[in-house]
**Q** 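If you scroll down you'll find the structure; I have some questions about it.
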2 protein chains.
Amino acid sequence: MLNSRTPSVKDVAAAAGVSLGTVSNVMNRPEVVSARTRERVERAMAELGFVRNESARQLRAGTSRTLAYVMLDGTNPFFHDVAQGIELAAEDADLSLFICNSNSRAEREEAHLDRLLQQRVQGILITPVNSEAPYLYDLTRRGVPLVIVDRRRDDESCCSVAVDDVHGGRVAIEHLAEQGHRRVAFIGGPESIGQVRERLQGSREVWAELGLPADDLVYLPTEALTVAEGRSAGERLAGLPARRRPTAAFCANDLLALGLLQQSIGAGLRVPDDLAIVGFDDIEFAAAAAVPLSSVRQPRQELGRAAAQLVLDEATNPDHEHQQLFFTPELVARASSRAR
Amino acid sequence: MLNSRTPSVKDVAAAAGVSLGTVSNVMNRPEVVSARTRERVERAMAELGFVRNESARQLRAGTSRTLAYVMLDGTNPFFHDVAQGIELAAEDADLSLFICNSNSRAEREEAHLDRLLQQRVQGILITPVNSEAPYLYDLTRRGVPLVIVDRRRDDESCCSVAVDDVHGGRVAIEHLAEQGHRRVAFIGGPESIGQVRERLQGSREVWAELGLPADDLVYLPTEALTVAEGRSAGERLAGLPARRRPTAAFCANDLLALGLLQQSIGAGLRVPDDLAIVGFDDIEFAAAAAVPLSSVRQPRQELGRAAAQLVLDEATNPDHEHQQLFFTPELVARASSRAR
DNA sequence: CTACGTTTGTGAAACATTTCAACCCACGAC
DNA sequence: GTCGTGGGTTGAAATGTTTCACAAACGTAG
């Protein structure tokens, strides 16, 4: 019953009474083989339960059928949405997607990249721990199509897809100012993350343009962009003397905002009346929060899809040129920041 | 500068002045080659930037270095936590993990499985759309190590790892009854999902044992286990005549519960005073909800880790026996259901 | 009936690795 | 000296595909 070995093209060829090459043609160029033989071969395949060996295919053909995405933080739904966008594009191109998670650790990231190199994936999409890491430059030197997602590089040595974070910071603060807030907290960190810096920069820019005193935009640094850090920021916020306490907070991402929201409500504050909150990313759960969260929306799936298209272009188009794609995020105002 | 071809073992061998076989030995059985030559070969590898071709390795060696997990629903963080557990186990065994997402569509699932078969992955973990699907039985017939995660099969024709859902239903309802609730809603669906059926069954069992009238455990069916469905269930709940309206709800998963929570608060209900809520899964966001959500905790990472161990056993241990692993979920009581 | 073009099918080479039997060589025991 | 012994290394076969130059078969126009 159990056929020790899984059947190969050779077995199929024998069963169908044709040559190896013909079986291969049936799989790869069905138009060159006559309907009659094609059918015979297909029947043989079905009967034997033939499954093409991808390693052999790839070895000989030299081209793999997979893309890979190395995401930064598996606990943040944002990245899964990006991955979903990539997956859709990959599906269209009839490719598989390998999803890895570096968990913000450079060493894991490097290990994953090493594996992917061994697999000879067609292209790599990555939201890196550090977009200037030398091993990333190695990839490009090796000629591996590479797209940096949701980050950027100063030089333009590879494609990237990102969102205008400075602008994102601007619209968030603008909105809060419009709602009448005159003392606002910026919550986020560590500053080593480019995103955080730029969102903060945008916030400060527009704050200054509105002629508001710099001191009244309070920077509350955090250790990471997590729910727990959001809660702890909330505690620090509550600890400020009433006079100094902001009436609104702009968080560098939604996880922070969700943590802050929870802590605030738990502490008996009314949101948005006592504290207005705006997040960043607009993850699914932002809208589902008890007080639906205002957030600066990133086109998450679009980001992924666009990145996949760039990497495919680099992989297949001989005169590909690196591009830096930019999306403009927009504010989605919900209950957590509206009307005082 | 750019060396057209990526170097192969042959190139390394030439550069180091040894034979092919020796280079291979350096990679696979370093102990049999003398320290001197090993070092020479390693230097040559580094200089040439050699990267082993995994396809060729796999083709010849016959064994792949990857596991795969086909998850049911990428929008539910629960599955990502399971995946994380698998990933950890895979990392320990020095394997890569391929993560796929069927999005609850049998056709996508089958397409993914086909791909994985072609890749000759070492084993497949899956949370299937339907655990009795014929193509799943095909896998076993083919001899592919297979573990069903978070589902079960009636016959014991493959390994599975799941949670005792009947028990989960029991503890949730027991808890609510203890808090004094005498009219409770069970929210979940569709009934085609085994989980939903069993959680409901457990609920009914314990309700009857407590001597409460069957009619007072109100079953509110939903189309899916999503936040949106939770919201809509909330609306239906609010529409019930006050006399018939439950004072507590047990949701078949946390997404539903989160949706219900949001809708209820938005409608001006106080949780848990007007409506107590218990979810299922205990995803990260459950604790982070504005009113921290009580939930029946599944050991998510543990589930994944255990499943990975089973699949590895099946893959490597010649006298492997199929096992049905069971975890007992436990209630995590938080503010959404405590003390009226 | 021949020459020629088209359509189908063939067979061997190539891909990059692992594996294994065989070989070489130095060294110690006798 | 000779004979094992065993560590170190080699070379060739094998893995399952794809590709490509070529052959065979078959019409068809002249």
Side-chain angles (χ1 to χ4, degrees), chain A residues 3-42 44-45 48-66 114-115 117-122 142, chain B residues 3-42 44-45 48-66 114-115 117-122 142:
Chain A
N3 253 320
S4 51
R5 218 171 33 79
T6 78
S8 71
V9 261
K10 201 189 297 189
D11 302 314
V12 174
V18 299
S19 80
L20 285 195
T22 302
V23 177
S24 174
N25 281 337
V26 168
M27 294 191 284
N28 303 306
R29 301 196 230 32
E31 67 283 2
V32 316
V33 25
S34 76
R36 244 171 59 76
T37 37
R38 191 190 326 144
E39 208 212 294
R40 206 141 40 91
V41 170
E42 275 162 356
M45 284 180 165
L48 293 174
F50 169 78
V51 176
R52 182 215 239 118
N53 183 324
E54 174 64 18
S55 303
R57 205 215 103 255
Q58 180 173 332
L59 173 59
R60 170 60 231 215
T63 148
S64 95
R65 300 213 132 297
T66 65
D114 196 51
R115 275 278 168 81
L117 232 41
Q118 295 190 19
Q119 318 252 24
R120 304 288 194 268
V121 293
Q122 271 219 328
R142 276 213 153 75
Chain B
N3 253 319
S4 51
R5 218 170 35 78
T6 77
S8 72
V9 262
K10 200 189 296 190
D11 303 314
V12 174
V18 298
S19 80
L20 286 194
T22 302
V23 177
S24 174
N25 281 337
V26 169
M27 295 190 283
N28 303 304
R29 301 197 231 30
E31 68 281 4
V32 316
V33 25
S34 76
R36 246 172 58 78
T37 35
R38 190 190 328 146
E39 209 213 294
R40 203 141 41 93
V41 170
E42 276 162 355
M45 285 179 165
L48 294 174
F50 168 79
V51 176
R52 183 217 237 113
N53 182 325
E54 174 65 19
S55 302
R57 204 216 104 256
Q58 179 172 332
L59 173 59
R60 170 62 232 216
T63 149
S64 95
R65 300 213 134 292
T66 63
D114 196 52
R115 274 276 168 79
L117 232 41
Q118 294 190 23
Q119 318 251 24
R120 303 288 194 274
V121 292
Q122 271 220 324
R142 277 214 154 76

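Below, read A as the first sequence line, B as the second, and so on, with proteins coming before strands; counting in each chain starts at 1. Keep in mind the model is a prediction, meaning the values are calculated, not measured.
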**Q** Give me the first and last nucleotide of DNA chain D, going 5' to 3', that has any atom under 4.0 Å from a heavy atom of chain A.
**A**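 For DNA chain D, the relevant span reads D:dG16 to D:dT19.
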
**Q** Distance check needed: C:dT18 C1' versus B:Arg65 CZ, whole Å only.
**A**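 Answer to the nearest Å: 13 Å.
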
**Q** So, using side-chain hydrogen bond (donor to acceptor under 3.5 Å, both in side chains) as the criterion, who are the partners of B:Ser55 when residues are at least two apart?
**A**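 Partners of B:Ser55 under the side-chain hydrogen bond (donor to acceptor under 3.5 Å, both in side chains) test: A:Gln58.
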
**Q** First locate atom CG of A:Asn28, then atom CZ of A:Arg52, and finally report the distance between them rounded to the nearest 0.5 Å.
**A**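 One gets 5.0 Å once the value is rounded to the nearest 0.5 Å.
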
**Q** For A:Arg52 and for B:Gly17, locate the closest nucleotide of DNA chain D by heavy-atom distance; then report the residue assigned to the nucleotide nearer the 5' terminus.
**A**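 Whichever sits nearer the 5' end wins; that is B:Gly17.
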
**Q** I need the CG-C1' distance between A:Leu59 and C:dA14, as an integer number of Å.
**A**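 Interatomic distance, CG of A:Leu59 to C1' of C:dA14: 9 Å.
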
**Q** Determine: side-chain N/O of A:Arg38 to OP1/OP2 of C:dT8, distance under 4.0 Å, yes or no.
**A**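 Checking A:Arg38 against C:dT8: no side-chain N or O falls below 4.0 Å of OP1 or OP2.
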
**Q** Can you name the side-chain contact (heavy atoms from CB on, under 4.5 Å) partners of B:Asp114, sequence neighbours left out?
**A**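 For B:Asp114 the side-chain contact (heavy atoms from CB on, under 4.5 Å) partners, ignoring immediate neighbours, are B:Gln118.
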
**Q** May I have the distance from B:Arg57 (atom CZ) to C:dT17 (atom P), rounded to whole angstrom?
**A**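 After rounding, the gap between these two atoms is 11 Å.
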
**Q** Is there a side-chain contact between A:Arg142 and B:Thr6 (heavy atoms, below 4.5 Å)?
**A**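 No. Closest side-chain heavy atoms not under 4.5 Å.
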
**Q** Listed by chain and number, what are the side-chain hydrogen bond (donor to acceptor under 3.5 Å, both in side chains) partners of B:Asn25, not counting sequence neighbours?
**A**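 Result, side-chain hydrogen bond (donor to acceptor under 3.5 Å, both in side chains) vs B:Asn25: B:Arg29.
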
**Q** What nucleic acid atoms does A:Thr37 come within less than 4.0 Å of, heavy atoms only: base, sugar-phosphate, or nothing?
**A**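 The answer is sugar-phosphate, as A:Thr37 gets under 4.0 Å only of primed atoms, P, OP1 or OP2.
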
**Q** Does the side chain of B:Lys10 reach to within under 4.5 Å of the side chain of B:Val23, using non-hydrogen atoms?
**A**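 Not touching, per the 4.5 Å side-chain cut-off.
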
**Q** Please list, chain by chain and in numerical order, all residues satisfying salt bridge (charged side-chain N to carboxylate O under 4.0 Å, His left out) with A:Arg57, sequence neighbours excluded.
**A**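 Expected list: A:Glu54.
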
**Q** Give me the distances for all protein-to-nucleotides 22-25 of chain C N/O pairs that come in under 3.5 Å?
**A**
none

**Q** Please report the end-to-end axis angle for the helix from C:dC1-D:dG30 to C:dC30-D:dG1, five pairs per end, rounded to 10 degrees.
**A**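 One end axis against the other gives 50°.
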
**Q** Once side-chain hydrogen bond (donor to acceptor under 3.5 Å, both in side chains) is applied, do any residues pair with B:Thr37, and if so which ones, sequence neighbours excluded?
**A**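 If we apply the side-chain hydrogen bond (donor to acceptor under 3.5 Å, both in side chains) test to B:Thr37, skipping adjacent residues, the hits are B:Ser34.
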
**Q** Could you check whether any side-chain heavy atom of A:Arg38 comes within less than 4.5 Å of a side-chain heavy atom of A:Pro30, counting everything from C-beta outward?
**A**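 Heavy-atom side-chain distance check passes, below 4.5 Å.
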
**Q** Residues of residues 21-34 of chain A with any non-hydrogen atom less than 4.0 angstrom from an atom of DNA chain D: list those, numerically ordered, please.
**A**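 Heavy-atom cutoff 4.0 Å gives A:Gly21, A:Ser24, A:Met27, A:Asn28, A:Arg29.
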
**Q** Taking side-chain contact (heavy atoms from CB on, under 4.5 Å) as the test, write out the residues that go with B:Leu48, two or more places apart.
**A**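 side-chain contact (heavy atoms from CB on, under 4.5 Å) list for B:Leu48, sorted by chain: B:Pro7, B:Asp11, B:Val12, B:Ala15.
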
**Q** Rounded to whole angstroms, how far apart are CZ on A:Arg60 and C1' on C:dA12?
**A**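 These atoms are roughly 11 Å apart.
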
**Q** Excluding sequence neighbours, so at least two apart, what forms salt bridge (charged side-chain N to carboxylate O under 4.0 Å, His left out) with B:Arg115?
**A**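 Partners of B:Arg115 by the salt bridge (charged side-chain N to carboxylate O under 4.0 Å, His left out) criterion, ordered by chain and then number, come out as A:Asp94.
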
**Q** Measure the distance from CD on B:Glu54 to C1' on C:dT18 and round it to the nearest whole Å.
**A**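 Interatomic distance, CD of B:Glu54 to C1' of C:dT18: 12 Å.
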
**Q** Less than 4.5 Å apart, any side-chain heavy atom of B:Thr66 and any of B:Gln119?
**A**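 No, every pair of side-chain atoms sits at 4.5 Å or beyond.
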
**Q** For B:Thr22, which residues count as a side-chain hydrogen bond (donor to acceptor under 3.5 Å, both in side chains) partner, sequence neighbours excluded?
**A**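 Partners of B:Thr22 by the side-chain hydrogen bond (donor to acceptor under 3.5 Å, both in side chains) criterion, ordered by chain and then number, come out as B:Ser19.
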
